[in-house]
Amino acid sequence: MCGISGKIYFDPSRHITEPELALMTDPIVHRGPDDEGFYTNGSVGFGFRRLSIIDLSTGHQPLCNEDGTVWIVFNGEVYNFQENRDDLIKKGHVFQTKTDTETIVHLYEEYGEDCVKYLRGMFGFAIWDDNKKQLFCARDRFGIKPFFYYIDNEQFIFGSEMKSILANPKVSREMDLLGMDNYFTWGYTTETNTVYQTIKKLRPGHTMTLRPYDKNPEPVIKRYWSIDFQPEYDKTEEEWCELIVDKLSECVKMRLVSDVPLGAFLSGGVDSSSVVALMAQNSSRPVKTFSIGFKEKKYNELEYARDVAKMYGTEHHEQIVEPESISLLPELVRAYDEPFADSSAIPTYYVSKFAREYVTVCLSGDGGDELFLGYDKYPRMHDIYRYNKLPRPVGKAFWGGVNKMIPNKVKGKAMTYFLSQNPETVGVHWTLWQQPDRAGLYKADVWNALRSKPSEKYLEDQVNGYSQDDFLFRMQEMDMNNYMVDDILTKVDRVSMLNSLEARVPILDHEFAELSYRIPTEMKLKGKAKKHIFKKAMTPHLPESVVGHRKQGFDIPLALWFKDDLKEYVNDRLNTKNSVLHQYIRPEAIQKVIHEHNTGMRDFNRRIWSLLFFDAWLTQMEQVKAVHI
């Protein structure tokens, strides 16, 4: 696992130097504390930071082919590299190392841009083909690993994190209002957007090709893999269960290859517990497991994690997170480079830091809820889709009117808002701040700039473009394309790598995902029973307490902390006169949210956290501007 960066000037007479590249690699030293490397070739330059996992002695990057005409910087792990390596050797390719990185170089030589189709794993990489004078970049199918880029009329810059790009003095830090609206809508930026006008994301399952010396060079972006729902109705539940266990066991086993100590995150939920169970069954040594808990019993799943640890005899480690963890906020802002409102980044940071004391690699259970309909919202969305039969204009007017009349303190107000939306795309509106709330949250000039096409419109266009008729699968696809990559996987990548810890995600092996796409949705959501077929498959391998208890997620007790231990902190940060927040947010809207939360009218802990994070990000932005003046 590594951090990569690079820059290409479109003027071939301009030369890139190693000190120039070091400005981009130094900010991401946490992604690779073990080694650094640079490649310069006139106006082309790559930078690299390495966290050594496999082939510790010869895995230095950037790395090239035999004659030095193809160079790569690579972040990730390819789990089928040995199989690919053997095939390539038979075809006459000569290897200098035993790394998965070099396998990609030779796959590119053999198959060109189709090389990505042979990779099973997680990756973000860039290849410079000196013969073709062409840059080729790619990101893995689900976006487990990040890839950001910037382009203007002089240069193209890329990096594993935005801070590498922002280290270049000519890159503007001007905020994109759509990116800000993304943030307050969902808690993260989505699609190709970031909070910066000039920095974009390469989306999962896409490649990018750039010929920098062409006149007016433009990146050519192509999709090489997509989600394809092809349900098979000729198999019994028992047959699906056997296929699930066999394939997931294979995926877990592939991810146990490492030349450094390895463990697992264990939350006590079904997904992480399943990964630990299959690790134990495929390992000759006790699995090292790491869990985070809270003093507040409602949020604490440690007892379930202990049941799994006991069942499989793991070397189990636990840690309790306290309200004082709010002091981590400035560090999280630096880690994510942009506003990020998922407060479970706090326990994810602590479990990563805790695990890093013992191991360098951890397996996680991320992806199970998206693949097998595990979230509470899925049955609720399904009910709206099935039973909201009012004609569209009538439903919008009727339920919209009811929503406006209901006081905030009345339970069910949010449901009337969902009922007022198009049932076909209702999941788009499962937001952090709903559109009417944002209209009252933003200052008038900000909302006027956004109101004609707010964030929901972009996602509605995406969902309307899906080819599948199955409503639940369209909602799954929406979450896999957005929430999973831009929230869940982003969260884990940044804070695990901030602690120089590699996180592997066996449930998001694309072959396992493709298996799940063949399972009918009625076997995933059976009545109100979420994730039915996956739980049934894993029941023989897990304690009954884990399979039977209600899903808790990885939430932290912010609702309680904001009313008690952190009440003064919230008021001090958000109710300050002349706050930097007031450039974009109405002070009275902030006060209203805090008041309604403190009086118990609504649980607005997620909204308060989003304001705190945005405030901390704006504050850091102001500090950076002051330094550069």
Side-chain angles (χ1 to χ4, degrees), residues 1-3 28-36 49-61 74-82 97-101 121-123 144-145 248-268 271-292 302 305-306 308-319 347-366 492-509:
M1 195 64 62
C2 310
I28 56 170
V29 65
H30 52 276
R31 297 189 76 94
D34 298 331
D35 188 21
E36 72 173 350
R49 295 293 323 191
R50 185 186 188 199
L51 178 64
S52 301
I53 303 294
I54 294 174
D55 193 11
L56 305 184
S57 60
T58 65
H60 181 78
Q61 292 187 45
F74 162 67
N75 168 33
E77 297 286 352
V78 176
Y79 303 112
N80 64 336
F81 79 94
Q82 191 63 56
T97 74
K98 297 179 180 179
T99 64
D100 52 351
T101 308
M122 54 183 181
F123 51 84
I144 301 169
K145 291 291 101 184
L248 186 56
S249 181
E250 174 197 315
C251 297
V252 168
K253 187 175 181 179
M254 292 179 78
R255 284 157 180 80
L256 297 181
V257 176
S258 174
D259 293 333
V260 293
L262 180 147
F265 297 139
L266 179 58
S267 69
D271 299 335
S272 66
S273 299
S274 298
V275 169
V276 168
L278 297 175
M279 286 176 72
Q281 293 172 24
N282 283 285
S283 178
S284 59
R285 299 178 180 178
V287 177
K288 294 180 174 65
T289 52
F290 304 92
S291 301
I292 289 291
L302 286 179
R306 289 169 191 155
V308 176
K310 182 178 180 181
M311 182 173 184
Y312 287 100
T314 73
E315 293 180 11
H316 190 55
H317 307 269
E318 296 178 354
Q319 192 175 66
T348 306
Y349 169 87
Y350 280 113
V351 76
S352 298
K353 184 177 182 181
F354 184 36
R356 188 62 178 89
E357 297 175 13
Y358 301 86
V359 299
T360 311
V361 176
C362 259
L363 274 63
S364 83
D366 293 313
V492 175
D493 175 79
R494 298 306 183 280
V495 293
S496 62
M497 293 308 296
L498 185 61
N499 289 286
S500 304
L501 179 79
E502 175 180 301
R504 297 180 176 178
V505 196
I507 292 175
L508 291 182
D509 184 287

Exercise. Where do R504 and L262 land on the side chain to side chain contact (heavy atoms under 4.5 Å, CB included) test, with the steps shown first?
Worked result: CA-CA 10 Å; R504 297 180 176 178; L262 180 147; 4.0 Å; yes
Heavy atoms only: give me the nearest [X]-[Y] pair and the separation to one decimal.
X    : Y    : value
V495 : T348 : CG2-CG2, 3.4 Å
V308 : S273 : CG2-OG, 3.4 Å
V276 : A264 : CG2-CB, 3.8 Å
L498 : Y349 : CD2-CE1, 3.7 Å
N80  : V78  : OD1-CG1, 3.1 Å

For the [atom1] atom of [X] and the [atom2] atom of [Y], what is their distance to the nearest 0.5 Å?
X    : Y    : atom1 : atom2 : value
L278 : Y312 : CG    : OH    : 7.5 Å
L501 : D493 : CG    : CG    : 11.0 Å
N499 : R494 : CG    : CZ    : 14.0 Å
Q319 : E357 : CD    : CD    : 7.0 Å

For this session: Would you please name every residue forming a salt bridge (charged side-chain N to carboxylate O under 4.0 Å, His left out) with R306, sequence neighbours left out?
Result: E318
Exercise. Which residues satisfy the salt bridge (charged side-chain N to carboxylate O under 4.0 Å, His left out) test with D509, sequence neighbours excluded?
Worked result: R120, R255
For [X], side-chain contact (heavy atoms from CB on, under 4.5 Å) partners two or more places apart:
X    : value
P33  : L51, S500
S274 : V270, F534, M538, L542
A305 : L266, S291, H316

Exercise. Taking it one step at a time, do F74 and D100 satisfy side chain to side chain contact (heavy atoms under 4.5 Å, CB included)?
Worked result: CA-CA 9 Å; F74 162 67; D100 52 351; 3.6 Å; yes
For this session: Give the C-alpha distance, both sets of side-chain angles, the deciding distance and a yes or no for side chain to side chain contact (heavy atoms under 4.5 Å, CB included) between L248 and I507.
Result: CA-CA 7 Å; L248 186 56; I507 292 175; 4.0 Å; yes
Exercise. Less than 4.5 Å apart, any side-chain heavy atom of P506 and any of L363?
Worked result: yes
For this session: Check whether any side-chain heavy atom of C362 sits under 4.5 Å from a side-chain heavy atom of F265, and report yes or no.
Result: yes
Under 3.5 Å, is there a donor-acceptor pair between the side chain of [X] and the main chain of [Y]?
X    : Y    : value
N75  : C2   : yes
S283 : A280 : no
S364 : A503 : no

Exercise. Is there a side chain to side chain contact (heavy atoms under 4.5 Å, CB included) between H60 and R50 once you walk through the steps?
Worked result: CA-CA 8 Å; H60 181 78; R50 185 186 188 199; 5.6 Å; no
For this session: State which residue, out of R31, M122, R356, fulfils the side chain to side chain contact (heavy atoms under 4.5 Å, CB included) condition with E502.
Result: M122
Problem set entry | Inter- and intrachain pairs under salt bridge (Lys or Arg N to Asp or Glu O under 4.0 Å), touching residues 272-291, at least two apart | K288-E315
For this session: Please check if any side-chain donor atom of S249 sits under 3.5 Å from a side-chain acceptor atom of Q281, or the reverse.
Result: no
For this session: Mind telling me whether F290 and H317 have parallel, tilted or perpendicular rings, with 30° and 60° as the class edges?
Result: parallel
